[in-house]
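So the structure is just underneath, and the comments pick up after that.
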Amino acid sequence: MDLKLNGKRALVSGSTAGIGLAIAEGLAAEGASVVINGRTQKRVDAAIALIKANQNSADVTGIAADVSTAAGADALIKAVPAVDILINNAGIFEPKSFPDIPDADWTRFFETNVMSGVRLTRGLLPGMVKKQWGRVIFISSESGLNIPPEMIHYGVTKTAQIALARGIAESVAGSGVTVNSVLPGPTLSEGVATFVEKLSVAQKKSPAQFEKEFIETMRPTSLIRRFASTAEVAAIVVYLCGELASATTGAAVRVDGGVVRSIA
């Protein structure tokens, strides 16, 4: 399937590892020119090297900038002032009981998970509208629909991303620019893998056993009964970036393994 992404320029925030890196790899494989983003030049360079090691002809560059800050987002926009595709992937998560979440954590989560996408989209969307073609995708989560009691602040920011994508999509109706959110379920990204490893060691269980028990107890509605891979999530995102997905906009597209039971 030709997604017609040759010659398109894509920026993926938070793409030095995990889902973001998998998306960058997928876009590069489809012929897009991809800009990697991360907080440090070392991580950016490592991600670029990894993609080029697997794809010799990949057109991949990178910009180090902390998009959880206004200054970092502005610096990234100045370095990459025009793109065809924007993937708002930068995000953080942390299990913590509600009474123990201070104001500082709420602010940190909103700045990283929500405001990074607000700022980047605000800066890059007008150029897409002018060209009458563009793709903006917010990487949200099934946690935006099923707020996890173990990290309510995370879930709230993921709900905000779904609302953002819908609202922005409506604001550019008829422009040729599509705006969607993608909702992964439990996914074995770098951060989650580290989280699983630490807890499995603490509980004296194998990672596989911990994963099985996590799904059974924390996400019992999962239909695939396992964590998804980052490549499985990236495949949907890359498709939504293509010409063939031009009729999909304002949507919350689930890649959650069936965790969300609602059919609407």
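Counting from 1, the numbers follow the sequence of the chain as shown.
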Legend entry - Expected output: side-chain Glu213 to main-chain Phe210 donor-acceptor under 3.5 Å: no

Legend entry - Cluster link Val182 to Tyr239, ILVMFWY, side chain under 4.5 Å: yes

Legend entry - Verify same cluster id: Ile63, Leu27 (apolar side-chain graph, 4.5 Å): no

Inset, instruction - Indicate, with yes or no, if Val238 and Ile87 share a hydrophobic cluster defined by side-chain heavy-atom contacts under 4.5 Å among Ile, Leu, Val, Met, Phe, Trp and Tyr. - result: yes

Legend entry - Distance-only side-chain donor-acceptor flag, Gln209 / Lys212, under 3.5 Å: no

Inset, instruction - Look at the rings of Phe227 and Phe214 and say which category their plane angle falls in: under 30° parallel, 30 to 60° tilted, over 60° perpendicular. - result: parallel

Inset, instruction - Scan Lys130, Arg9, Lys4, Lys131 and name whichever one has a salt bridge (charged side-chain N to carboxylate O under 4.0 Å, His left out) with Asp84. - result: Lys131

Inset, instruction - Give the minimum heavy-atom separation between Ser13 and Ala90, together with the two atoms involved. - result: OG-N, 3.0 Å

Inset, instruction - Output yes when a side-chain donor or acceptor of Glu150 lies under 3.5 Å from a complementary backbone atom of Pro95, and no otherwise. - result: no

Inset, instruction - Establish whether Val253 and Leu3 are linked, either directly or via other cluster members, by ILVMFWY side-chain heavy-atom contacts under 4.5 Å. - result: yes

Legend entry - From CA spacing to verdict: side chain to side chain contact (heavy atoms under 4.5 Å, CB included), Arg119, Glu111: CA-CA 10 Å; Arg119 290 164 178 146; Glu111 287 288 331; 2.8 Å; yes

Inset, instruction - Could you state whether Ile137 and Leu5 fall into the same hydrophobic cluster, counting links through intermediate Ile, Leu, Val, Met, Phe, Trp or Tyr residues with side-chain heavy atoms under 4.5 angstrom apart? - result: yes

Legend entry - side chain to side chain contact (heavy atoms under 4.5 Å, CB included) assessment of Thr121 paired with Leu86: CA-CA 7 Å; Thr121 306; Leu86 171 62; 3.6 Å; yes

Legend entry - Gly185 to Glu142 - nearest heavy-atom pair and separation: CA-CG, 3.5 Å

Legend entry - Salt bridge Asp45-Lys42, side-chain N to carboxylate O under 4.0 Å: no

Legend entry - Point-to-point distance, once rounded to the nearest 0.5 Å, from OG of Ser206 to CD of Glu211: 9.5 Å

Inset, instruction - Check whether any side-chain heavy atom of Ile101 lies under 4.5 Å from a side-chain heavy atom of Phe109, and answer yes or no. - result: no

Legend entry - Beyond-backbone contact of Tyr154 with Ser141, side-chain heavy atoms, under 4.5 angstrom: yes

Legend entry - Gap separating the NZ atom of Lys96 from the CG atom of Asp105, nearest 0.5 angstrom: 4.0 Å

Legend entry - Val83 vs Met128 side-chain heavy atoms within contact, under 4.5 Å: yes

Inset, instruction - State, yes or no, whether a side-chain contact exists between Ile51 and Leu21 at a heavy-atom distance under 4.5 Å. - result: yes

Inset, instruction - Might you point out which heavy atoms bring Glu94 and Met151 nearest each other, and give the distance in Å? - result: O-CB, 3.5 Å

Legend entry - Reported CD1-to-CZ distance for the pair Ile77 and Arg122, which is rounded to 0.5 angstrom: 7.5 Å

Inset, instruction - Using a 4.5 Å cut-off on heavy atoms from C-beta on, say whether the side chain of Ile92 contacts that of Asn113. - result: yes

Inset, instruction - Check step by step if side chain to side chain contact (heavy atoms under 4.5 Å, CB included) holds for Leu76 and Leu11. - result: CA-CA 10 Å; Leu76 184 54; Leu11 169 61; 4.0 Å; yes

Inset, instruction - Return the minimal non-hydrogen interatomic distance between Ile85 and Cys241, and the atom names on each side. - result: CG2-SG, 3.6 Å

Inset, instruction - Taking the side chain as every heavy atom from C-beta outward, state whether Val260 and Thr221 have any atom pair closer than 4.5 Å. - result: no

Legend entry - Value rounded to 0.5 Å, distance of CD1 in Ile139 from NZ in Lys158: 8.0 Å

Legend entry - salt bridge (charged side-chain N to carboxylate O under 4.0 Å, His left out) between Arg39 and Asp66, worked out: CA-CA 5 Å; Arg39 288 177 175 159; Asp66 183 357; 3.4 Å; yes

Legend entry - Thr157 OG1 to Ile152 CD1 distance, which is reported to the nearest 0.5 Å: 12.0 Å

Legend entry - Flag, side chain of Thr187 to backbone of Pro184, donor-acceptor distance under 3.5 Å: no

Inset, instruction - Mark yes when over 12 heavy atoms from residues, nucleotides or ligands other than Arg225 sit less than 6.0 Å from its CZ; otherwise mark no. - result: no

Legend entry - Residue Asp103 excluded, over 12 heavy atoms near CG under 6.0 Å: no

Inset, instruction - Kindly compute the distance separating CG (Asn88) from CD1 (Ile168), expressed to the nearest 0.5 Å. - result: 8.0 Å

Legend entry - Pair Asp256 + Arg219, salt bridge at N-O below 4.0 Å: no

Inset, instruction - Compare all side-chain heavy atoms of Thr178 with those of Thr248 and state whether any distance is below 4.5 angstrom. - result: no

Inset, instruction - Give the intermediate values and the outcome of side chain to side chain contact (heavy atoms under 4.5 Å, CB included) for residues Lys8 and Ser33. - result: CA-CA 6 Å; Lys8 301 296 186 184; Ser33 171; over 6 Å; no

Inset, instruction - Would you name the heavy atoms of Phe98 and Trp106 that are closest together and state the gap between them? - result: CE1-CZ2, 3.9 Å

Inset, instruction - Evaluate the side-chain proximity of Ile23 to Ser15: yes if any heavy-atom separation is below 4.5 Å, no if none is. - result: no

Legend entry - Minimal non-hydrogen separation, Ser140 against Ser181, with atom names: CB-CB, 4.4 Å

